[in-house]
Amino acid sequence: MEELGTYAEKTWCPGCGNFGILSAFKKAVIKLEEKGISRDKIIIASGIGCHGKMFDYLNLSGFYSLHGRDMATIQGIKIANPKLKVVTFSGDGNCMGEGLAHTLFAAKRNADITILMHNNGVYALTTGQFTPLSEKGWKGPSTPKGSIEEPFNPLSLLLEAGATFLARAFPAKADHFIDLIVQAVEHEGFSFIEILQPAVAYRNTWEFYKNNTEILKDEPKTYVEAMKVAKRRDKLPIGVIYRKAKPVYHKELYGNFNPTLESLSREKRLEKIKDLLSVK
Ligand SMILES: Cc1ncc(C[n+]2csc(CCOP(=O)(O)OP(=O)(O)O)c2C)c(N)n1
Ligand code: SF4
Ligand SMILES: [Mg+2]
């Protein structure tokens, strides 16, 4: 566990839900290793925000991306070397605001990536503006009279877009959460976990989620059932909400080819280019 951490000082607020996400992810990496996925094959990325500090605190290879561009970054890494498992830590603003188009298109094409979305319902690092996931009426510095917009529902939105693995997690239910991360990374295709993450400084939701979440007893079997569960609001279901086997983007694109491991020599590339350009 310890060797998965780094020297970087943790600058999250005491009590922040991100601590639980960091600890769960480290434990999930160890479980994945026990299942044969070694840590050098797990590549991480992040967007910009409080969630992005996950990148500083994990001793894993990857790419600290731009705000909203981490979904594109890990898709690029995956198609360059399909042998790798690629995971991004994405904020709700990052994933559903600035980066929404990347997120939706990754789901549409069933890119074989994992998005762990820290849903704190706020642009936390930039001090508390509303995001596309803040509830109507939520008051912050940019919405002093309350947000006048309805939020997106990330799970129903991504289900509609074509996601093949969708789950919701609450870090206080640590073992349950770790198991969901393992399943999401193992899944072949687009996997997404909405993590209910209290941001104590701006939106302290610990008590609310403790009282208003429940572990799903039965995983929905169909798209219609999953949509119903994704839209539930009385109690927020946590667990796997949808899972489906479907061909993945990189295999549809070039079968089992691996551009990194099977790259051609310069001479062979030039030969191919000449061949392509020659008039037949
Ligand atoms: C292109 C671009 N736009 C805006 C910003 C400023 N910015 C940095 S972090 C952030 C908010 C992040 O919110 P979220 O993704 O929800 O992450 P959190 O801090 O809540 O974890 C913004 C708007 C930026 N860095 N880059
Ligand atoms: S501002 Fe919110 S998300 Fe950021 S470290 Fe503090 S509690 Fe955590
Ligand atoms: Mg946020």
Side-chain angles (χ1 to χ4, degrees), residues 5-6 8-26 44-58 62-74 76 87-106 113-143 146-147 149-155 157-158 168-172 174 177 181 192-210 236:
T6 65
E9 185 194 342
K10 313 269 187 321
T11 53
W12 287 323
C13 309
C16 175
N18 283 329
F19 286 101
I21 302 177
L22 179 63
S23 149
F25 190 76
K26 286 180 182 170
I44 57 165
S46 75
I48 301 294
C50 292
H51 65 276
K53 296 177 185 182
M54 293 285 291
F55 192 89
D56 295 324
Y57 304 150
L58 281 166
F63 193 90
Y64 205 143
S65 187
L66 296 173
H67 189 48
R69 301 293 176 256
D70 45 318
M71 283 66 64
T73 302
I74 57 169
V87 179
T88 188
F89 303 97
S90 200
D92 57 319
N94 193 78
C95 188
M96 293 279 134
E98 189 84 16
L100 180 64
H102 294 298
T103 310
L104 290 179
F105 277 92
I113 65 172
T114 299
I115 302 175
L116 303 179
M117 189 186 74
H118 301 215
N119 184 7
N120 53 20
V122 66
Y123 286 121
L125 190 73
T126 45
T127 68
Q129 298 80 10
F130 84 118
T131 74
L133 301 192
S134 307
E135 67 270 16
K136 191 172 179 184
W138 185 75
K139 288 185 181 157
S142 65
T143 50
S147 162
E149 298 177 24
E150 291 289 347
F152 282 138
N153 176 332
L155 294 174
L157 193 62
L158 289 173
R168 188 189 279 125
F170 180 39
F177 179 29
I181 299 174
F192 175 93
I193 306 183
E194 177 193 3
I195 308 165
L196 304 173
Q197 181 241 317
V200 288
Y202 300 109
R203 224 172 138 263
N204 190 347
T205 44
W206 279 118
E207 278 313 304
F208 178 80
Y209 289 143
K210 271 181 197 157
L236 295 171

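Note that ligands are numbered from 1 as they come in the structure, with each ligand's atoms numbered from 1 the same way. Bear in mind the structure is a predicted one, so any value in this text is a computation, not a measurement.
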Can you check ring-ring contact (aromatic ring centres under 6.0 Å, His included) on Trp12 and Tyr57, steps first, answer last?
CA-CA 11 Å; Trp12 287 323; Tyr57 304 150; 4.9 Å; yes
Between Cys95 and Phe192, does the side-chain contact (heavy atoms from CB on, under 4.5 Å) criterion hold? Intermediate values first, please.
CA-CA 11 Å; Cys95 188; Phe192 175 93; 4.0 Å; yes
side-chain contact (heavy atoms from CB on, under 4.5 Å) for Lys139 and Phe130? Distances and angles first, verdict last.
CA-CA 8 Å; Lys139 288 185 181 157; Phe130 84 118; over 6 Å; no
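By the 3.5 Å distance cut-off applied to N or O atoms, Gly93 is counted among the residues near ligand 1. When only interatomic distances are considered, the shortest N/O to N/O separation between Thr131 and ligand 1 does not fall below 3.5 Å. Between Asp92 and ligand 1, an N or O atom pair is found at a separation short of 3.5 Å.
Annotation for Phe152: atom CZ does not count as buried by contact number, only 12 or fewer foreign heavy atoms lying within 6.0 Å. By the 6.0 Å contact criterion, CZ on Phe105 is open, its count of non-hydrogen atoms from other residues, nucleotides or ligands being 12 or less.
Residue Gln197 touches ligand 2 through its side chain alone, judged by heavy-atom distances below 4.0 Å. Using a 4.0 Å cut-off between heavy atoms, Glu98 contacts ligand 1 through its side chain alone, with no backbone atom that close. Proximity of Asn94 to ligand 1, defined as any heavy-atom pair under 4.0 Å, is shared by backbone and side chain alike. Counting heavy atoms closer than 4.0 Å to ligand 1, residue His51 contributes atoms from both its backbone and its side chain. Both the backbone and the side chain of Ala199 come within contact range of ligand 2, each with a heavy atom under 4.0 Å. Using a 4.0 Å cut-off between heavy atoms, Val122 contacts ligand 1 through its backbone alone, with no side-chain atom that close.
For the atom pair OG1 of Thr73 and CZ of Arg69, the computed distance is 9.0 Å after rounding to the nearest 0.5 Å.
Ring geometry for His118 versus Phe89: interplanar angle over 60°, hence perpendicular rather than tilted (30 to 60°).
Expressed to the nearest 10°, the angle at the Mg ion (ligand 3) joining O in Val122 with OD1 in Asn120 is 80°.
Residue, atom and distance of the protein heavy atom nearest to atom 4 (Fe) of ligand 2 are Cys50 SG, 2.4 Å. Closest to atom 7 (S) of ligand 2 among all protein heavy atoms lies Val200 N, 3.3 Å. At the top of the distance list for atom 6 (C) of ligand 1, counting protein heavy atoms only, stands Thr126 CG2, 4.1 Å. If you check which protein heavy atom lies closest to atom 4 (C) of ligand 1, you get His67 CD2, 3.7 Å. Annotation: atom 8 (Fe) of ligand 2 to nearest protein heavy atom, Cys16 SG, 2.3 Å. Among protein heavy atoms, atom 11 (C) of ligand 1 sits closest to Tyr123 CD2, 3.2 Å. Nearest non-hydrogen protein atom to atom 19 (O) of ligand 1 is Cys50 N, 2.8 Å. In this structure, the protein non-hydrogen atom closest to atom 1 (S) of ligand 2 is Tyr202 CE1, 3.6 Å.
In plain terms, the two heavy atoms of Cys50 and Ala124 that are nearest each other are SG-CB, 3.8 Å.
Numbered from 1 in the order shown, with element, the atoms of ligand 1 that lie under 4.0 Å from a heavy atom of Asn120 read 18 (P), 20 (O), 21 (O). Residue Ala124 has at least one heavy-atom neighbour below 4.0 Å for each of these atoms of ligand 1: 18 (P), 19 (O), 20 (O). Of all the atoms in ligand 2, the ones that sit under 4.0 Å from a non-hydrogen atom of Ala201 are 1 (S), 7 (S).
No side-chain donor-acceptor contact under 3.5 Å links Ser90 to the backbone of Leu116. The backbone N or O of Gly68 lies less than 3.5 Å from a partner atom in the side chain of Asn94, making a donor-acceptor pair.
Note on Cys13: not counted as a metal contact of atom 8 (Fe) of ligand 2, no N/O/S atom lying under 2.8 Å.
The N, O or S atom of Asp92 with the smallest distance to the Mg ion (ligand 3) is OD1.
Evaluated for a side chain to side chain contact (heavy atoms under 4.5 Å, CB included) with Asn120, the options Asn18, Val200, Leu133, Asp92 yield exactly one hit, Asp92.
Comparing heavy-atom distances from atom 12 (C) of ligand 1 across Ile48, Leu125, Asn119, Leu133 singles out Ile48 as nearest.
Between Asn119 and Gln197, the side chains place no donor N or O within less than 3.5 Å of an acceptor N or O (distance only, hydrogens not considered). Between the side chains of Ser46 and Asp70, no donor-acceptor pair is found at a separation under 3.5 Å.
Comment: Glu9 does not engage Lys53 in a salt bridge, judged by the lack of any side-chain N to carboxylate O separation of less than 4.0 angstrom.
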